[in-house]
Amino acid sequence: GFLDYSKIKDGQMCRHIICVLPFRASCDALQTLIEDNKGLFKNIAGYELFNIAGHDCPKNLKTPAGVKEAIARCEEAGRKSITLTVNKMLTGSTIECWDTILFFKDTSSPQEYDQAIFRIQNPYVKTMKDSNGDEIKYNMKPQTLLVDFDVDRLFRLQALKSQIYDVNIGDSGNAKLEQRMTRELRVSPVIVLNKSLLRKVNPSDIMAAISEYSKNRSVADEAKDIPVDMRLFDDPVVRAEIDRQAAISSKDGLS
């Protein structure tokens with residue numbers, strides 16, 4: 001629905017979208033949903049769909065080079081594209097014309113969120129010639145969008161990112177947190193779309209939402225939300241120590 005917003009259409013935004021989904025099966029399900037209902041989804045009927053993480057990923061999309069080539073062909077032909085993925089192409093890969101991310105994957109890690117955002121924040125500049133033959137550089141994507149339909153998640157990760165930064169530089173407390181968020185929101189504003197009205201979010205909105213969210217949460221809930229680098233499980237020493245511990249829900253303590 002947000003693709004129907006007049007300013008997005010007028011600004012030629014959301015031309016090449018990447019959807020971040022929780023599972024490979026989710027990519028297949030969304031592909032089927034879109035392809036079977038193109039008559040209903042009027043705003044995405046004209047997009048070319050690339051499922052690069054599904055169970056039957058086409059051979060030409062199995063490598064980053066193949067994905068880049070496919071999307072580049074769309075851009076050259078003036079066609080829009082939607083890429084469906086879980087983790088593939090979210091780190092270490094850059095596709096210039098990606099300008100929008102739809103985030104459907106639950107995460108408690110602001111680092112994972114930022115990695116996804118970095119995929120669209122690279123410059124995309126084309127060199128063209130004017131009527132006199134002089135070269136001019138044209139910015140093909142002056143704005144980028146991360147769209148998250150779970151506002152609570154977005155607010156939690158924004159606050160957590162600011163908290164982590166403050167801890168790293170030795171600052172703490174709500175006043176410092178609000179200052180940090182003010183600076184971050186100045187660079188990357190958070191915009192809420194509700195009933196066709198746009199509103200810019202401020203730090204007090206985020207802090208109020210976090211307070212409300214935290215009221216009824218248990219210790220177990222909080223523990224599950226601690227950001228974890230899952231690569232730690234690949235270390236046999238760390239894995240053995242984790243396996244030795246009692247479950248959080250048991251009566252045995254942590255040792």
Side-chain angles (χ1 to χ4, degrees), residues 18-30 52-55 57 64 84-93 101-119 146-181 184-185 188 190 203 205-255:
I18 177 168
C19 290
V20 182
L21 294 147
F23 309 108
R24 294 173 68 191
S26 311
C27 296
D28 294 336
L30 184 55
I52 67 173
H55 287 87
C57 177
L84 310 180
T85 190
V86 179
N87 292 315
K88 188 175 177 181
M89 302 289 289
L90 292 187
T91 56
S93 300
I101 284 186
L102 304 185
F103 207 89
F104 294 108
K105 181 182 178 183
D106 200 19
T107 179
S108 58
S109 167
Q111 290 88 349
E112 183 178 15
Y113 212 52
D114 280 350
Q115 280 292 337
I117 295 171
F118 292 156
R119 301 284 67 78
L146 179 139
V147 181
D148 194 333
F149 297 97
D150 186 340
V151 178
D152 285 337
R153 173 173 60 215
L154 189 151
F155 283 7
R156 289 199 311 273
L157 292 177
Q158 180 66 55
L160 185 55
K161 182 168 68 171
S162 299
Q163 286 173 342
I164 290 170
Y165 186 91
D166 280 348
V167 167
N168 286 338
I169 63 173
D171 283 338
S172 61
N174 281 354
K176 296 286 187 181
L177 180 61
E178 193 160 354
Q179 290 173 15
R180 167 59 47 191
M181 279 196 284
E184 291 178 354
L185 292 175
S188 298
V190 174
D205 294 328
I206 295 177
M207 294 177 78
I210 297 298
S211 176
E212 184 64 28
Y213 173 80
S214 300
K215 274 183 182 176
N216 300 313
R217 287 175 61 79
S218 67
V219 172
D221 291 330
E222 295 293 346
K224 288 173 184 174
D225 274 351
I226 296 173
V228 176
D229 183 349
M230 303 307 288
R231 290 172 298 181
L232 288 172
F233 290 118
D234 298 332
D235 186 311
V237 177
V238 175
R239 182 59 190 251
E241 185 61 33
I242 292 171
D243 289 341
R244 194 175 66 81
Q245 302 301 324
I248 289 177
S249 56
S250 74
K251 294 180 180 178
D252 298 324
L254 190 71
S255 60

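This chain uses plain numbering: 1 for the first residue, then up along the sequence.
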Check: Ser93 main-chain N/O paired with Arg119 side-chain donor or acceptor under 3.5 Å: yes

Distance, nearest 0.5 Å, that separates CG of Asp150 from OG1 of Thr107: 11.5 Å

Residues that Thr91 engages under side chain to side chain contact (heavy atoms under 4.5 Å, CB included), provided they are two or more places apart: Gln115

Heavy-atom closest pair, residues Leu157 and Pro110: CD2-N, 3.8 Å

Closest heavy-atom pair and its distance - Ile206, Ala159: CG2-CB, 4.2 Å

Working for side-chain contact (heavy atoms from CB on, under 4.5 Å), residues Leu185 and Val190: CA-CA 7 Å; Leu185 292 175; Val190 174; 3.5 Å; yes

Which residues share a side-chain hydrogen bond (donor to acceptor under 3.5 Å, both in side chains) with Lys88, sequence neighbours left out: none

Approximate separation, where rounding is to 0.5 Å, of Ile18 CD1 and Leu90 CG: 5.0 Å

Lys/Arg N to Asp/Glu carboxylate O, Asp152 vs Arg156, below 4.0 Å: no

Residue that, paired with Leu21, satisfies side-chain contact (heavy atoms from CB on, under 4.5 Å) out of Leu30, Asn87, Asp28: Leu30

Heavy-atom closest contact (Phe155 atom, Asp205 atom, distance): CE2-O, 4.1 Å

Phe103: ring-ring contact (aromatic ring centres under 6.0 Å, His included) partners, not counting sequence neighbours: Tyr113

Taking every non-hydrogen atom, the tightest pair across Arg24 and Gly54: NH2-O, 3.4 Å

Spacing of CD belonging to Glu112 relative to NZ belonging to Lys105, to within rounding of 0.5 Å: 4.0 Å

Shortest non-hydrogen contact between Phe104 and Cys19, atoms and distance: CE1-SG, 4.2 Å

Closest non-hydrogen atom pair, His55 against Ala25: CE1-N, 3.7 Å

Value rounded to 0.5 Å, distance of CD in Gln158 from CZ in Arg180: 10.5 Å

Leu146 side, atom CG; Ile101 side, atom CD1 - distance, nearest 0.5 Å: 5.5 Å

Audit row: Val86, Cys27, side-chain contact (heavy atoms from CB on, under 4.5 Å) steps and yes/no: CA-CA 8 Å; Val86 179; Cys27 296; 3.9 Å; yes

Spacing of Gln111 atom CD and Lys161 atom NZ [to the nearest 0.5 Å]: 10.0 Å

